[in-house]
Undergrad: 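If you scroll down you'll find the structure; I have some questions about it.
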Amino acid sequence: MTTSTALLLADLTGVAVFAASGASAAVAKRLDLFGVVFVGVVAALGGGIFRDLAIDEVPPLAFADWRYAVTAAVTAAAVFRLHPQLARLRTTVLVLDAAGLGLFTVTGTLKALDAHVPAVGACMIGMITAIGGGLGRDLLTGEIPVVLRREIYAVAALAGSIVVALLSTYGEATTGPLTGAVVFVFALRLISLRRRWSA
Amino acid sequence: MTTSTALLLADLTGVAVFAASGASAAVAKRLDLFGVVFVGVVAALGGGIFRDLAIDEVPPLAFADWRYAVTAAVTAAAVFRLHPQLARLRTTVLVLDAAGLGLFTVTGTLKALDAHVPAVGACMIGMITAIGGGLGRDLLTGEIPVVLRREIYAVAALAGSIVVALLSTYGEATTGPLTGAVVFVFALRLISLRRRWSA
Amino acid sequence: MTTSTALLLADLTGVAVFAASGASAAVAKRLDLFGVVFVGVVAALGGGIFRDLAIDEVPPLAFADWRYAVTAAVTAAAVFRLHPQLARLRTTVLVLDAAGLGLFTVTGTLKALDAHVPAVGACMIGMITAIGGGLGRDLLTGEIPVVLRREIYAVAALAGSIVVALLSTYGEATTGPLTGAVVFVFALRLISLRRRWSA
């Protein structure tokens with residue numbers, strides 16, 4: 001598997017988990033099929049569209065490659081159909097969101113570095129790629145943006161993007177360490193949520 | 001009348017009806033003249049600015065061609081002055097919005113295809129062009145986004161954009177069939193609203 | 001001091017005052033350190049990112065030059081630490097916001113003119129640069145957007161941007177007159193607020 005194939009797979013997996021998080025949030029708001037798919041697609045593609053505009057990759061990948069939109073829409077529609085079997089939607093949203101946060105932090109930061117954005121800017125773009133979709137989802141569904149709640153969220157993405165920038169600087173941005181960075185962000189976010197739950 | 005003149009006229013008509021829809025929504029919220037013009041301009045130009053950023057037409061037409069801003073601002077100000085005579089603002093907003101939806105779906109999809117965006121992406125950009133302004137209007141005025149309400153809205157735009165993409169593929173994207181596509185989206189939206197009203 | 005150094009200083013001062021305005025608004029909403037820094041950074045950099053996307057300066061300066069992000073984050077964090085000593089946060093937000101409005105109106109309009117945007121578009125981009133950050137701040141903290149309240153706000157920015165465009169046309173866009181334009185917008189905004197207060 002080449003690096004670019006791995007990156008595409010990571011990106012599409014992030015699209016799917018954010019689509020599922022957006023769709024779950026929309027189901028919790030009792031939206032119909034079209035509303036659920038719409039919120040799912042915004043959550044899945046919003047961060048990446050912003051990233052691509054910022055690094056001048058136009059049209060953004062979400063429009064240039066049909067697999068992004070189809071992955072997002074099909075996942076969101078599947079969540080709508082299956083949701084009677086998905087208990088505890090709130091927890092589902094949070095866990096999927098944490099997984100997407102890790103995946104998009106890593107792919108977003110890598111793409112910005114590849115586009116020759118300086119390290120500080122690349123970390124910011126990586127973080128925005130990761131938090132942008134969830135922000136769109138929360139604005140659309142009228143929730144307090146997750147990024148403003150008390151648990152670690154944007155900071156987990158920022159920490160992950162710094163790890164990626166360091167790996168890239170030392171020539172270690174290969175599949176193994178990058179997968180570690182995804183897991184690092186995911187774990188940091190979940191631990192933060194759990195400590196708050198038990199606190 | 002050349003194609004590009006026809007496209008410009010369709011685009012400016014869309015700007016005017018969306019400006020009127022935004023201004024009517026702002027009047028209903030009892031905003032003053034400046035607030036009404038601001039919401040009208042956002043509703044009129046928001047979708048097209050996003051479209052132009054996505055297809056790398058910079059500066060966006062809304063900034064490059066003064067007729068866009070002036071059409072939007074003058075229309076919104078006129079609505080503000082005339083509103084005591086405009087009864088039933090809510091219905092007015094919905095009908096104008098449906099007209100804008102049809103016009104922007106067609107012009108947005110055509111522009112994206114002209115910029116060599118693949119068909120799926122061009123349909124998405126056409127849809128976002130059409131729904132973006134109304135989304136901005138609803139976020140600013142604190143309404144539930146129309147795109148998330150139960151009646152067909154984004155789907156009407158998406159269906160219209162698919163029609164435009166098909167017409168373009170088969171070399172039939174001329175004034176007649178494209179006008180039909182505008183009417184198709186407008187009618188689909190209004191029928192959806194009316195059925196819901198009578199249901 | 002060269003013109004570009006003066007412009008950079010004006011821009012970074014605008015970043016700092018908008019960061020402080022966003023941070024003060026977030027403190028008033030009782031957000032924690034990370035929330036306060038996040039809202040501060042959005043308020044400080046949001047308008048400029050939009051401006052740079054619109055004039056195709058990519059990556060936007062906020063990502064290309066680390067001093068922007070660091071200025072915004074450090075200022076916001078300082079406001080968080082100092083806020084027990086900052087009485088009357090609401091007034092603080094309004095005054096800082098007025099200062100940022102003046103600074104960003106002038107730098108935003110100049111940059112758009114430098115990028116060969118026609119005058120009407122350059123004025124709009126200058127205005128959006130100035131009001132964009134505050135709009136993001138208000139959407140994030142759930143306030144009615146300041147731009148829609150009754151006092152002069154966007155109009156002050158628009159008037160200032162027209163002054164800048166006129167100065168530029170007549171070759172008078174030098175440090176002195178441009179500083180006057182900053183003060184003009186700032187004063188116009190504050191007078192509008194004060195008249196409303198005493199009215």
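Labels below follow one simple rule: chain letters A, B, ... track the order of the sequence lines, proteins then strands, and each chain is numbered from 1.
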Undergrad: Looking at every heavy atom in both C:Leu113 and C:Ala165, which two are closest together, and how far apart are they?
TA: CD1-CA, 4.0 Å
Undergrad: I need the contact set between residues 45-58 of chain A and chain C: heavy-atom distance under 4.5 Å, sorted by residue number.
TA: A:Phe50, A:Leu53, A:Ala54, A:Asp56
Undergrad: Which atoms form the tightest heavy-atom contact between A:Leu188 and A:Ala159, and what is the distance?
TA: CD2-CB, 4.4 Å
Undergrad: Pick one of side chain, backbone, both or neither for A:Leu158, based on which atoms fall under 4.5 Å of a heavy atom in chain C.
TA: neither
Undergrad: Rounded to the nearest 0.5 Å, how far apart are CG of C:Leu103 and OG1 of C:Thr129?
TA: 12.5 Å
Undergrad: Please name the pair of heavy atoms, one in A:Ala16 and one in A:Thr71, separated by the smallest distance, quoted to 0.1 Å.
TA: CB-CG2, 4.0 Å
Undergrad: So which heavy atom on C:Ala26 is nearest to which on C:Val39, and how close?
TA: CB-CB, 3.9 Å
Undergrad: Flag yes if more than 12 heavy atoms outside C:Phe34 fall under 6.0 Å of its CZ atom; otherwise flag no.
TA: no
Undergrad: What part of A:Ile144 gets closer than 4.5 Å to chain C, counting heavy atoms only: side chain, backbone, both or neither?
TA: neither
Undergrad: Non-hydrogen atoms of chain A under 4.5 Å away: do they reach the side chain of C:Arg67, the backbone, both or neither?
TA: neither
Undergrad: Which bit of C:Ala62 is near chain A, if near means a heavy-atom gap under 4.5 Å: side chain, backbone, both or neither?
TA: backbone
Undergrad: Checking A:Thr13 side chain against A:Leu9 main chain: does a donor-acceptor pair fall under 3.5 Å?
TA: yes
Undergrad: Measure across A:Val41 and A:Ala72 and return the closest heavy-atom pair with its distance rounded to 0.1 Å.
TA: CG2-CB, 4.0 Å
Undergrad: At a heavy-atom distance under 4.5 Å, which candidate from A:Leu148, A:Ile152, A:Val120, A:Val147 has the highest pair count against chain C?
TA: A:Leu148
